[in-house]
J.: 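Input: one structure, supplied below.
A note on names: the letters A, B, ... follow the listed sequences, proteins ahead of strands, and every chain is numbered from 1. Computed from a predicted model, the values in this text were never measured in an experiment.
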There are 2 protein chains.
Amino acid sequence: MVTIMDRPRSEGPKLRMTRQRRVLLDALRQAEGHPTADEVYRTVRRRLPRISLGTVYRNLEVLSQHGLVRKIELGTAPRRFDAEATSHYHIRCLSCGRVDDVDMRPQVTLERAARSATDYEVTGHRLDFLGLCRHCVTHGDGAGKGSGPGRPNQGGA
Amino acid sequence: MVTIMDRPRSEGPKLRMTRQRRVLLDALRQAEGHPTADEVYRTVRRRLPRISLGTVYRNLEVLSQHGLVRKIELGTAPRRFDAEATSHYHIRCLSCGRVDDVDMRPQVTLERAARSATDYEVTGHRLDFLGLCRHCVTHGDGAGKGSGPGRPNQGGA
DNA sequence: CTAGATGCAAACTGTTTGCTCCGGT
DNA sequence: ACCGGAGCAAACAGTTTGCATCTAG
């Protein structure tokens, strides 16, 4: 994302490290790909059966404000989360919705270009790629949506 | 957006031009900025008082599949629509949510870079900028969200 | 005449929130 | 002990859908 978008409103007052936050963070780090809140919820539930979805949302939000996790918001699709703190771009499979990291350096140049093209005070940018993951390319399907080739997500970032 | 994302599934079977579609299209063309479905709905309602929000959604979708309008989906924020068919980037004000066009040429180069960084078949990219619009810069407010400086949107594209 | 579009209302999904009790520091 | 956090359930916003009725071609 390469943006100040989710920057802490005025840095963090300090983060209280509760059990659920620890588990959440851990789950996100173990996660295969970039899970949605609900996926995180289902995972975390194995250790914390009484945790609520609301808590998951609240904490992923808090953790992201403290820079411990990153929110990934592509299109209108459900928000996903990433334990990776460093800036990087993502690519989403048009067919199965899976999201992966793209290993290329943030192009700050883009912002300079935008700066001269608008009268906004440009503070960041968001760049995502779209395409077909290997699985969906091989298993046919040009751009079916939900038609179920790959799982809705997950998979090595 | 510079993407094939919303391309017609297999071109158009043909588009039946109903009254509501005509009005919808027209409203979108007259629109100041990049309205949400609901904003379009409220506008169009003046001419078609009995139109339903469902119809607005259905038709904006259909029209976009036929390449007559463009969907703008930034983050998790409500989808917006654009009568402009040509590719261009957008910038969103972090403070008031307003969305404007950015007058710069699509950087196809980016896709080439991404192509060598993933094993996806890269078909497009989505690039949006974030910042503060002139109004929000002058009227203070660093990054308040919903705290209501500018209206939630609208404004010269 | 008929496939496809409309209006309406209900359903859904993802996310947020109010409240009371609980646990970290 | 105190204050923020957790759990729960209800509320929400945005978007989608089933169905009976119209209408463009």
Side-chain angles (χ1 to χ4, degrees), chain A residues 6 8-10 12-25 27 34-42 44-66 68-69 71-81 97 99 145-146 152-153, chain B residues 6 8-9 12-25 27 34-42 44-66 68-69 71-81 97 99 145-147 152-153:
Chain A
D6 306 325
R9 200 75 108 110
S10 43
K14 72 202 78 226
L15 175 64
R16 203 191 273 201
M17 204 30 119
T18 64
R19 192 144 114 75
Q20 15 285 88
R21 284 179 188 169
R22 222 184 323 269
V23 175
L24 274 168
L25 211 40
H34 302 337
T36 61
D38 192 73
E39 286 163 352
V40 172
Y41 173 56
R42 287 198 303 263
V44 149
R45 239 170 172 225
R46 294 201 289 260
R47 333 242 155 131
L48 269 43
R50 302 189 52 78
I51 199 175
S52 78
L53 186 52
T55 299
V56 171
Y57 272 106
R58 256 186 301 235
N59 284 333
L60 289 176
E61 177 62 32
V62 169
L63 290 172
S64 96
Q65 278 170 359
H66 283 256
L68 293 174
V69 315
K71 279 190 280 192
I72 309 176
E73 305 185 319
L74 312 192
T76 285
R79 185 181 295 165
R80 291 176 179 277
F81 298 87
V99 173
K145 168 184 170 188
N153 176 269
Chain B
D6 307 325
R9 200 74 108 109
K14 74 204 77 230
L15 175 64
R16 202 191 272 201
M17 205 29 120
T18 64
R19 192 145 118 73
Q20 17 284 85
R21 283 177 189 170
R22 224 183 324 269
V23 176
L24 234 26
L25 211 40
H34 301 330
T36 61
D38 192 73
E39 286 163 352
V40 172
Y41 172 56
R42 284 195 308 258
V44 148
R45 236 167 174 227
R46 294 201 287 261
R47 334 241 154 133
L48 269 43
R50 304 189 52 79
I51 199 175
S52 78
L53 186 53
T55 299
V56 171
Y57 272 106
R58 257 184 303 230
N59 284 335
L60 288 176
E61 176 63 31
V62 169
L63 291 172
S64 95
Q65 278 170 359
H66 283 255
L68 293 174
V69 315
K71 278 190 280 191
I72 309 176
E73 306 185 318
L74 311 191
T76 286
R79 187 180 294 167
R80 291 176 178 278
F81 298 87
V99 173
K145 168 184 167 187
S147 328
N153 177 266

J.: Is any side-chain N or O of B:Arg79 closer than 4.0 Å to OP1 or OP2 of D:dG14?
T.: no
J.: Is B:Thr18 touching bases, backbone alone, or none of the nucleic acid, heavy atoms closer than 4.0 Å?
T.: sugar-phosphate
J.: Of the candidate nucleotides D:dC8, D:dA6, C:dT25, which contains the atom at the shortest distance from the side chain of A:Met17?
T.: C:dT25
J.: Could you check which of C:dG23, C:dG7, D:dC8 has an atom nearest any side-chain atom of A:Ser52?
T.: D:dC8
J.: Please report, rounded to the nearest Å, how far the C1' atom of C:dC8 is from the OH atom of B:Tyr41.
T.: 10 Å
J.: State, to 0.1 Å, how close A:Val56 and A:Ala37 come at their nearest heavy-atom pair, and which atoms those are.
T.: CG1-O, 3.7 Å
J.: For B:Arg16 and B:Leu53, take the nucleotide of DNA chain D holding the closest heavy atom to each; which residue's nucleotide lies nearer the 5' end?
T.: B:Leu53
J.: Atom CG in B:Leu24, atom CG in B:Leu60: separation rounded to 0.5 Å?
T.: 4.5 Å
J.: Would the distance check show the side chain of B:Glu61 and the main-chain N or O of B:Arg58 forming a donor-acceptor pair, the cut-off being under 3.5 Å?
T.: no
J.: Taking atom P of D:dT15 as reference, at what distance in whole Å does atom CD of B:Glu39 sit?
T.: 11 Å
J.: Is there a side-chain contact between A:Leu63 and A:Leu15 (heavy atoms, below 4.5 Å)?
T.: yes
J.: Check the distance between C:dG7's P and B:Arg45's CZ and give it to me in whole angstrom.
T.: 11 Å
J.: Whole angstrom is fine here: how far is it from CG in B:Asp38 over to P in D:dT15?
T.: 9 Å
J.: List the atom of B:Arg80, the atom of B:His34, and the distance in Å for their closest heavy-atom pair.
T.: NH1-O, 2.9 Å
J.: Give a yes/no on whether any side-chain N or O of A:Asn59 is located under 4.0 angstrom from OP1 or OP2 of D:dA6.
T.: yes
J.: Nearest whole angstrom, please: distance from the C1' of C:dT15 to the CD of A:Glu73.
T.: 11 Å
J.: For D:dT23, take OP1 and OP2 only and decide whether either is under 4.0 Å from a side-chain N or O of B:Gln20.
T.: no
J.: With a cut-off of less than 4.0 Å, is there a side-chain N or O of B:Arg21 near OP1 or OP2 of C:dA5?
T.: yes
J.: Among C:dG7, D:dC3, D:dG7, which nucleotide has an atom closest to any side-chain atom of A:Arg50?
T.: D:dG7
J.: For A:Phe81 and C:dG14, give me the distance from atom CZ to atom C1', rounded to whole Å.
T.: 11 Å
J.: Suppose we call a contact any N or O donor and acceptor under 3.5 Å apart; does that hold for the side chain of B:Arg58 and the base of C:dA5?
T.: no
J.: If you check every side-chain atom of A:Tyr57, which of C:dT15, C:dA5, D:dG7 has the closest atom?
T.: C:dT15
J.: Would you mind reading off the distance between B:Leu24 atom CG and C:dT6 atom C1', rounded to a whole angstrom?
T.: 12 Å
J.: When the distance from CG of B:Leu60 to P of C:dA5 is rounded to whole Å, what number comes out?
T.: 14 Å
